[in-house]
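For the single chain, residues carry numbers from 1 onward in sequence order. Here the structure is a predicted model, which means the values were calculated and not measured.
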Amino acid sequence: ANFAKVQKWAMIKAEGDSMIFPNEGEWWGKFDGAFDKVIPMKETDWYINDNFGLRTADEAGKIFFNSTEGDHLQFTSAQLFGWIDQYF
């Protein structure tokens, strides 16, 4: 359960991401088997079964979510340092 070992994990989703599809994958979401519905992180099998400690880390308050309107890795230095200051 490696994720359970982290102290903090900040997940930043790019709302306009053109590389990660669906972009909810940046927050550990995924498509269902038919690729027609996005399943949020807390409804995925790996979260429910806590396969690698994701649920344990989340329930311990170690995971933080934020987003930016831009594309993949397109954020300002101010945003980056703001997230670092905020979460770490």
Checklist entry - Is a side-chain donor or acceptor of Lys13 paired with a backbone partner of Phe65 at a separation under 3.5 angstrom? => result no
Checklist entry - Taking atom CZ of Phe88 as the centre, does the number of heavy atoms from other residues, nucleotides or ligands within less than 6.0 Å exceed 12? => result yes
Item to check | Ile20 backbone acceptor or donor facing Asp17 side chain under 3.5 Å | outcome: yes
Checklist entry - Under the 3.5 angstrom rule, does the side chain of Gln79 hit a backbone N or O of Thr76 as a donor-acceptor pair? => result yes
Checklist entry - Can you find a pair of side-chain heavy atoms, one from Glu24 and one from Met41, that are under 4.5 Å apart? => result no
Next on the checklist: Could you check whether any side-chain heavy atom of Pro40 comes within less than 4.5 Å of a side-chain heavy atom of Tyr47, counting everything from C-beta outward?
Outcome noted: no
Checklist entry - To the nearest 0.5 Å, what is the distance between CG (Leu54) and OG1 (Thr44)? => result 6.5 Å
Checklist entry - Where do Phe31 and Val38 land on the side-chain contact (heavy atoms from CB on, under 4.5 Å) test, with the steps shown first? => result CA-CA 4 Å; Phe31 276 122; Val38 175; 3.9 Å; yes
Item to check | Under the side-chain contact (heavy atoms from CB on, under 4.5 Å) test, residues paired with Asn66 that sit two or more places apart | outcome: Ile12, Trp83, Gln86, Tyr87
Checklist entry - In terms of ring plane angle, is the pair Phe52 and Trp28 parallel, tilted or perpendicular, where the classes change at 30° and 60°? => result tilted
Next on the checklist: With a 4.5 Å cut-off on side-chain heavy-atom distances among I, L, V, M, F, W and Y, is there a chain of contacts connecting Met11 to Leu73?
Outcome noted: no
Item to check | For Lys42, salt bridge (Lys or Arg N to Asp or Glu O under 4.0 Å) partners two or more places apart | outcome: Asp58
Item to check | Heavy-atom pair with the smallest gap, counting every atom of Ala57 and Val6 | outcome: CB-CG2, 4.5 Å
Checklist entry - Considering residues at least two apart in sequence or located in another chain, which fulfil the salt bridge (Lys or Arg N to Asp or Glu O under 4.0 Å) criterion with Glu15? => result none
Item to check | Results of side-chain contact (heavy atoms from CB on, under 4.5 Å) for Phe81 - residues two or more places apart only | outcome: Ser77, Ile84
Checklist outcome for this item: Applied to residues 25-35, the salt bridge (Lys or Arg N to Asp or Glu O under 4.0 Å) test, sequence neighbours excluded, yields none
Item to check | Non-neighbouring partners of Asn2 that pass side-chain contact (heavy atoms from CB on, under 4.5 Å), sequence neighbours left out | outcome: Lys5
Item to check | Under 3.5 Å donor-acceptor, Asn23 side chain and Ala14 backbone | outcome: yes
Checklist entry - Would Phe3 and Trp9 count as a close aromatic pair, with their ring centres under 6.0 Å? => result yes
Checklist entry - To the nearest 0.5 Å, what is the distance between CG (Asp50) and CG (Asp45)? => result 12.5 Å
